[in-house]
Amino acid sequence: MRRLFLTALCSLLALSPSLKAQTPGEVGSLAILLGNEKVRESLGITPAQASELDTIRSNYRAAARKIAASELPTAKSRDNAQAALDRVTQSSNKRALGVLSSSQSEKLIKIENKFLGATHLYSASVQKRIGLSATQSQQIEEVRSKSEQTVATTNRLFEEGKISFHERLETLREDRLGRGKELLSLLTPVQKDSFAAITR
């Protein structure tokens with residue numbers, strides 16, 4: 001179940017006229033992304049905003065950990081837990097966006113795009129906007145599943161003391177880079193151009 005929590009944390013525009021700007025938070029938690037000091041500095045977050053965002057992040061983490069700690073013996077219970085986590089993430093994202101000004105929200109889109117990289121393809125709306133087929137969407141879901149398994153295994157090894165903190169970070173970084181290349185390889189040249197227009 002830790003996989004659900006880690007997925008949520010992992011969570012982090014010069015658009016073509018034909019592409020509609022996305023809403024931040026389609027993939028992952030904005031509460032976590034907005035807790036990053038460099039992100040806050042880039043957005044010009046005020047002390048008052050920082051205080052509100054800290055509260056939102058703390059509440060989000062507590063809710064996510066509670067879900068992650070649940071016993072989930074069946075596929076249905078795991079699906080229900082994922083749905084509950086999705087609701088918590090969406091609610092938290094909405095509150096976090098409410099703290100930002102319109103100009104900060106626009107800047108956040110660019111930051112989030114850089115942070116997510118190719119994993120932005122996990123977003124259903126992004127897939128739709130660049131014209132992915134049903135087969136491509138399924139292939140991307142398979143890549144996501146493999147990545148989540150790697151994250152879960154790596155973090156378990158770290159928690160058991162079998163790998164160091166540095167080894168953990170390096171493994172996850174290499175997996176992220178490798179999955180990114182794998183995701184991009186699934187796109188046609190035209191789709192790559194459309195995706196580049198969204199994420200540049």
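Being a predicted model, the structure only gives us computed values, none of them experimental.
- Between Leu157 atom CG and Arg168 atom CZ the span is 11.0 Å, to the nearest 0.5 Å.
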Go through the steps to decide whether Gln136 and Gln127 satisfy the test side-chain hydrogen bond (donor to acceptor under 3.5 Å, both in side chains), and finish with yes or no.
CA-CA 9 Å; Gln136 287 175 307; Gln127 293 180 24; over 6 Å; no
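- No donor-acceptor distance shorter than 3.5 angstrom exists from the side chain of Ser58 to the backbone of Thr55, with no hydrogens or angles considered.
- Rounding to the nearest 0.5 Å gives a distance of 8.0 Å between CG of Leu132 and CG of Leu186.
- The number of heavy atoms from other shown groups lying within 6.0 Å of CD (Glu160) is above 12.
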How far apart are the C-alpha atoms of Asp175 and Thr154, what are their side-chain angles, what is the distance that settles it, and do they pass the side-chain contact (heavy atoms from CB on, under 4.5 Å) test?
CA-CA 10 Å; Asp175 179 72; Thr154 301; over 6 Å; no
Decide side-chain hydrogen bond (donor to acceptor under 3.5 Å, both in side chains) for Thr150 and Arg179; before the verdict, give the C-alpha distance in whole Å, the side-chain angles of both, and the deciding distance to 0.1 Å.
CA-CA 11 Å; Thr150 298; Arg179 300 302 178 195; 3.3 Å; yes
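- A heavy-atom distance below 4.5 Å is found between the side chains of Leu97 and Leu108.
- The shortest non-hydrogen separation linking Gln191 to Ile130 is CG-O, 3.3 Å.
- Listed here is the closest heavy atom pair of Arg40 and Ala50: NH1-CB, 3.4 Å.
- The main-chain N or O of Ser101 is found under 3.5 Å from a side-chain atom of Ser105 such that the two form a donor-acceptor pair.
- Using a distance-only test at 3.5 Å, with no hydrogens or angles considered, no donor-acceptor pair links the side chain of Ser147 to the main chain of Val143.
- A pairwise comparison of heavy atoms in Ala31 and Tyr60 identifies CB-CB, 4.3 Å as the closest pair.
- A distance-only check finds no donor-acceptor pair linking the side chain of Glu106 to the backbone of Ser103 [under 3.5 Å].
- Asn93 contributes a side-chain N or O that, together with a main-chain N or O of Leu30, makes up a donor-acceptor pair within less than 3.5 Å.
- Between Ile32 and Arg57 the shortest side-chain heavy-atom distance falls below 4.5 Å.
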Go through Leu187 and Leu121 one step at a time and tell me if the side-chain contact (heavy atoms from CB on, under 4.5 Å) criterion holds.
CA-CA 10 Å; Leu187 306 184; Leu121 287 166; 4.1 Å; yes
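- Of the possible polar contacts, none joining the Gln90 side chain to the Arg87 backbone as a donor-acceptor pair under 3.5 Å is found.
- A salt bridge between Arg173 and Glu170 is present, with a side-chain N of the basic residue lying under 4.0 Å from a carboxylate O of the acidic one.
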Given Gln139 and Leu183, is the side-chain contact (heavy atoms from CB on, under 4.5 Å) satisfied, shown in steps?
CA-CA 8 Å; Gln139 290 171 327; Leu183 288 167; over 6 Å; no
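- Looking at Gln49, its side chain does come within 3.5 Å of a backbone N or O of Thr46 through a donor-acceptor pair.
- Evaluation of the salt bridge (charged side-chain N to carboxylate O under 4.0 Å, His left out) rule for Glu141 yields Arg144 as partners, not counting sequence neighbours.
- The two residues Leu85 and Ala64 make their nearest non-hydrogen contact at CD1-CB, 3.9 Å.
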Report the C-alpha separation of Thr135 and Ser133 in whole Å, then their side-chain angles, then the decisive distance to 0.1 Å, and conclude whether the side-chain hydrogen bond (donor to acceptor under 3.5 Å, both in side chains) test is met.
CA-CA 5 Å; Thr135 298; Ser133 67; 4.6 Å; no
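- One finds no salt bridge joining Glu52 and Arg95 here, because no Lys/Arg side-chain nitrogen approaches an Asp/Glu carboxylate oxygen to under 4.0 Å.
- Across Ala63 and Val88, no two heavy atoms sit closer than the pair CB-CG1, 3.8 Å.
- Contacts of Glu142 classified as salt bridge (charged side-chain N to carboxylate O under 4.0 Å, His left out), with partners at least two apart in sequence or in another chain: none.
- Contact record, Ser29 with Thr89: CA-CG2, 4.1 Å, taken as the closest heavy-atom pair.
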Decide side-chain contact (heavy atoms from CB on, under 4.5 Å) for Val99 and Ile45; before the verdict, give the C-alpha distance in whole Å, the side-chain angles of both, and the deciding distance to 0.1 Å.
CA-CA 10 Å; Val99 175; Ile45 296 297; over 6 Å; no
